[in-house]
Every structure is written in structure tokens, then in C-alpha cells.
Amino acid sequence: MIAVYRMMVVKEDVFDFSDFDFPGFIKGELYKNAISSANGRFDYGTYCEEFSKAAELAKSSGDTGHAEAFRILAGLCSMVLCPEIQQNPFKPMLVGPEGRSLLPEDLSEKQVSFLGGLTDVVDDVCVKARLAELLWLMERPKNKIRALVAIESYLKLPLSPESWVYVSASWTRAIVLSISLREWDKVDLVRHKLLDVLFSDEYLDAGFLVGVARVLRERRLHVERTFDVAERLELIANRAKGRVYKIELLEEAAEWFGLAKVPDRKAICLVCAADLYAEEAEECLSAEGGAVVACVRLEVAIKKCRSIPREQRSGLNVDNKIYRLGERQREIGISVAEGMQEVCISSDVTEFVEKVKRGVSGKDVISALIMFVIGNAFPGAGKVRDQAVSIMKNHPIRWMFPGRRFSSDGRLVAKHPPVSSYGKEDKAVERAVAEQFRIYVNLHAYGFIYHALLVIRNEHWLTVDDFEYLARESSLVPGGREKMWAIGLHAGYEGDFVVALHVLVPQIENMVRVHLKEAGVSTSTTAQDGVETENGLSALVKCPEAVEVFGEDLLFELKYLLCSPFYSNIRNEMAHGLLSHDDCYSEASLYCWWLSLRDPLNKPPI
């Protein structure tokens, strides 16, 4: 891994492969030993390590050509495949201050030619698939045979519980390539192979079967036997012994019953999954710090119940279940709130930044993310407002006059009269509160979020699927919107806040609307002619019921970040096409992305 991390990308060629002996290279002991050590695990990370070792051995023996060949192979195997992306499916394994690992665009023409010569002689399916895929992407003009070789190689990777974690991306990529090339016979081949796995008595591993079913569903290969797949997953769930396995199978079965248009069976699966989450919550209470986990589990149980349409609720007593789960969550939430401590930091953040880095470094990914989202020094809406009023009273001259706020492009976007009552509705107070909140956001965004994100991103590779899992586990994210949240969260994690904001901000507005509707709040306006129009976020956050649904602090953050002209006003600026590229990388935008991750992971009990 160290070799990959330090692999600085260069454009000049260090070796001429025109006379390279490809058969001799493949038959050499170094290559055979590397393949022998990596083969059987189907993990490109292992191939990368073994080729890196071979490169060092070849270099120490003075074989410059083979050393360079192994170095290139190690770099190619270090790339992480994102199978759903059509044109640029590879991401670097590592990114750090010394550079990043290899990407396809870093290869020179001679190095691409080297891949072509090697592809024709290798027989290891993992290596052959990677070489063929890269040649399909890099060669001009494109050679369809390269893509077909990649597909055939991917489909030779074994389908088993042991290998699935490594080969699932490859099988998904085979589907994506086959569809893009209109190779429908290969699409059908994949469909039938995956269905055979689901209906085979040989495989009863829950994680494996759920993964296979999810690939079929998400790649829309469910045109046949949809109901049969749903029943099969439900049957295996009933036989499964572990609670986690039962939940995963029931949740996937519910998705398939939905595709089969059997809502009653889908509702039954969701209720069973909710009951299992509730059982887990009660068991968590006996562990140290288990109250927080129990609240999260109960949130998920409530979310499952709320996703059931009202037509299916009465027979399953769902509304009563939602009420009882909510009451239990509030009981546990009181104990969580009592154990919380106030966190304060000084204006000199140098020492704090180092503590932030140490706080998230060296941890497993879940622990690191939890530390990332609970590291919140926000003093609360009430204290921010009190601080703002105190400053106004200590420095009253400015607030004795009307004020205006201009946007970065010179537009007058807001104005306020002189201060009058120092109350919540006073526009001058609103301006002062926004300025005080901006100071906090800037400090937290740069002093905590930015530095913690760099550390976590350098230590953990996360995919869209990882974020989708987090979204599915959250009661805050509306059912059916988990993929959209995952795409936005992943984009921000990768540093693309243009995509992150344009995906997440509309989803946040939808989230607010959905939860208000579930609380019985009307979120639309009906005109005299009967046309119903949904209210925008600016109106939704002003609903009196919104405080009870979301809590004052979260509502405060949403208002000032997204729809207050006295601060960043991200939602409205975006809706009118006024959000620039630089605006997407502001402290407020970074905080908005972090908030989108924080609340699904760490939604406070209400």
C-alpha cells in the first residue's frame, strides 16, 4: 500500500516496451508467484500488493523492464472500479499530500500499447478483465472486442458467498457494459446466472443473496420471476437465525414485493423488519452508551412503518405501532439528552485542528464517521440568538439605522429597519443572528469539517452504496430517496460540492415536506381554480408545527443556510441559477453537506 501511495504520476515514459517479451514475462517466476499469491481472492487490492512486491524484486535484480511492467500492473490494480459510471469508472485508491495513485488518463500511448500486448497473453481473469476494460476506455478508435473480452472475463469470476464482496462490482460492470453495447444475449446470461443463485439450495448466505437480489433490482433485470424472488427472500428470512440477516432479507423482499405490485406482502415484510429493529433497540440498552444506538434503531423502525401506505396500515395496526415506538424513543431520548455535555472551542483553532485529526484518524470507518458527525460545537439556536442580541445591545449605534445586505454580484437581497423590540420577529435581530451564525459556520467548516474530512477520505474508500446503506438506516431520509441522498453525500465526500449541493438541497426540501405531511401539516396552497401548488422551503420552515417535528436547532440551521437572504440562501440562489462555482465551495456549502450527513446519522431524539 505504501508503494501505491507514493506512486507519483508522471507523463514521461521510463521504459520502451517496443521489444518487450510478453510471453516470457508471463512465464517468469515473479509473475507466476504474484498471480499464485493473489489468485483465489479476486481482490484487486491483493493483486496490487503482489505486483508491487514483484516490482521491487525485479528492480533489485536489475531487470528494469520487468520492474516497470510490474509497477504499471500494480498501479492498474490499485484503481477502484465504480461500475455504474459509464465513461470514467475508475477512481484512485489513495489520495494524499504526496500525490495520488494511478488513473487511466495518466497512461502514455506507449504504456497503453503495452497493455494491448499483455492482454493477448494473460490468462488470469482478474488481470485480463482490468486490462481489457482499460483498453476499451483508452484506445482510439474504440475497439468493441476489448469491451467484450472484459465482459467475458468479469463473468468468469465465481459467484459465491466468499467471493461476492470482491466480485459484485465486476458482475455489475458486466451488466452496465453489456447494456451499453446492446449485447442483450449477455444481459440475459447474467440475469439467468444471478436468478439461478437465488433459487439454488446451495446458497443460503443472507448477505450474498441480498447482494445478488439488489444487483438484479437496481440494474432493472427483474422482468421475470419478480414475485418468485420476493417469496424466496421472505422464505429464507423466516429460516435465518441472525437478526441482522433477517432484517436484510425482509427489507429486500419488501422491495421485490413492491416491484411485483403486491403491497400487502410488502407491508408485512416492513412490519416484521420494524419489529426486529425494535427488539434490537431494547437489547442495546444494557450496553454502555446503548441508549444512543437504541434511539437510532427505533428511528429506523419508525421509518419502516411510516413507509407503509395508509391502505395497508389498518390491518397491521401500523399507526398504533408508530405511536408506541415514538413514545419509547422519547423515553430513551431523555436519558440521552441528560448525558450530553456542552463543547466549547477557542478562536485559535490550531491545537483544535490537530485534535480533530487525531480524533478521526486510525479508526474503523463507522467510528470515524460517528466522530465526524457528533463533533458539533453548535451552541444551539437559543444561545446564538442571545449572543446576537447581547452584541447588538453592547454596540447599539449600528442597529439604530436601517440596514441592507447585498449579494456578491451587487444585488440588494435583503434590508431591515432599525432595531425595535429585540424579539424573534425583529428583522434587525434576524440580521444579527445570521451574522453570528455565519461566524460559527465558518469556524466549524474550516476548523473541523474540512480537516476531519481530509483524514477520513485518505483512510477510507467509500462508495455510493456505502452512503445508500447509511441513508436506508436513517428515519430522516424519506423512503425511496436513499439513492439520491447517497449520490449527493458521496459527491461531497469526493470533494465535488457542485454535484453534492445540486442533489442534496432539493432532497432536504423534500425531506422537510414529507415529515411535515406525516405530522398532518398541509404543505401546499390551493388556488381558487382548484390548482394545488406545493409550498417552497421558505414557507415550510415557518410552519409552527415544524419546530415540534424537527426541533428548533435543526430548523434554525436549515432556515439560515438554505432560505434566509441574510445569509447564504443556498436553496433560493440555486433555484434561480445564481449559485456560482465558488459559492458551492464556500464554508456554508461545506457545512450544508456535513449537515446532510450529520442528521441522517445522528438525528437527535425529539
Side-chain angles (χ1 to χ4, degrees), residues 1-14 38 42-56 68-109 111-112 114-115 126-127 129-138 150 165-170 172-173 176 357 360-362 365 368-369 450-467 486-500 585 593:
M1 299 295 283
I2 298 297
V4 178
Y5 180 76
R6 291 180 176 173
M7 187 182 298
M8 301 301 291
V9 176
V10 294
K11 285 294 182 181
E12 65 269 14
D13 294 313
V14 296
F42 312 104
D43 174 20
Y44 280 104
T46 303
Y47 279 89
C48 173
E49 292 179 7
E50 295 301 326
F51 285 140
S52 294
K53 294 176 185 177
E56 292 298 322
E68 178 65 7
F70 281 122
R71 191 189 74 84
I72 293 173
L73 284 173
L76 301 183
C77 292
S78 76
M79 300 178 193
V80 178
L81 178 64
C82 302
E84 300 89 353
I85 302 176
Q86 189 67 252
Q87 296 299 326
N88 299 295
F90 291 106
K91 296 287 183 72
M93 176 187 287
L94 295 170
V95 179
E98 297 183 41
R100 59 162 170 76
S101 50
L102 200 68
L103 283 178
E105 56 263 32
D106 302 320
L107 298 172
S108 68
E109 290 185 9
Q111 288 169 331
V112 172
F114 161 74
L115 302 187
C126 285
V127 177
R130 179 55 54 92
L131 295 175
E133 172 88 45
L134 287 165
L135 287 168
W136 163 244
L137 296 171
M138 299 296 295
V165 67
Y166 300 114
V167 307
S168 58
S170 298
T172 302
R173 185 62 181 168
V176 172
K357 293 179 179 179
V360 297
S361 179
V365 64
L369 286 176
Y450 173 75
H451 296 283
L453 178 58
L454 286 181
V455 172
I456 297 173
R457 191 165 60 197
N458 287 340
E459 294 185 2
H460 301 285
W461 174 264
L462 296 179
T463 66
V464 173
D465 288 342
D466 295 322
F467 285 102
I487 292 170
L489 290 173
H490 180 260
Y493 187 77
E494 289 293 306
D496 189 349
F497 291 101
V498 174
V499 172
Y585 289 86
W593 172 82

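Scope of the values below: all heavy atoms of this structure, side chains included, with no hydrogens, waters or symmetry mates.
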Considering non-hydrogen atoms only, spot the tightest contact between [X] and [Y] and give its length.
| X | Y | value |
| --- | --- | --- |
| H490 | T463 | CD2-C, 3.5 Å |
| A368 | H460 | CB-NE2, 4.2 Å |
| E494 | W461 | OE2-CZ3, 4.1 Å |
| C126 | Y44 | O-OH, 2.6 Å |

Query raised in the report: Between D106 (side chain) and L103 (backbone), is there a donor-acceptor pair under 3.5 Å?
Result: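 At least one qualifying donor-acceptor pair exists.
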
Query raised in the report: Just by modelled atom types, is the L81 backbone N or O under 3.5 Å from a matching donor or acceptor in the R173 side chain?
Result: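 No, because the side chain of R173 does not come within donor-acceptor range (under 3.5 Å) of the backbone of L81.
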
Requested in this report: Could you pull out all residues at least two apart from D465 that satisfy salt bridge (Lys or Arg N to Asp or Glu O under 4.0 Å)?
Outcome: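 So D465 forms a salt bridge (Lys or Arg N to Asp or Glu O under 4.0 Å) with K483.
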
Contact check, side chains of [X] and [Y], non-hydrogen atoms, under 4.5 Å:
| X | Y | value |
| --- | --- | --- |
| V165 | D43 | no |
| L137 | P89 | yes |
| L115 | L76 | yes |
| L102 | Q111 | no |
| D466 | Y493 | no |

Query raised in the report: Salt bridge or not for E133 and R130, using N-O below 4.0 Å?
Result: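 Looking at E133 and R130, the cut-off is not met.
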
Report task. Could you tell me whether K53 and E56 make a salt bridge, using a distance below 4.0 angstrom between a side-chain N and a carboxylate O? Result ->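 No, this pair does not count.
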
Report task. For D496, enumerate each residue passing the side-chain contact (heavy atoms from CB on, under 4.5 Å) test, keeping only those at least two apart in sequence or located in another chain. Result ->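 Only A491, V498, V499, Y585 meet the side-chain contact (heavy atoms from CB on, under 4.5 Å) criterion with D496.
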
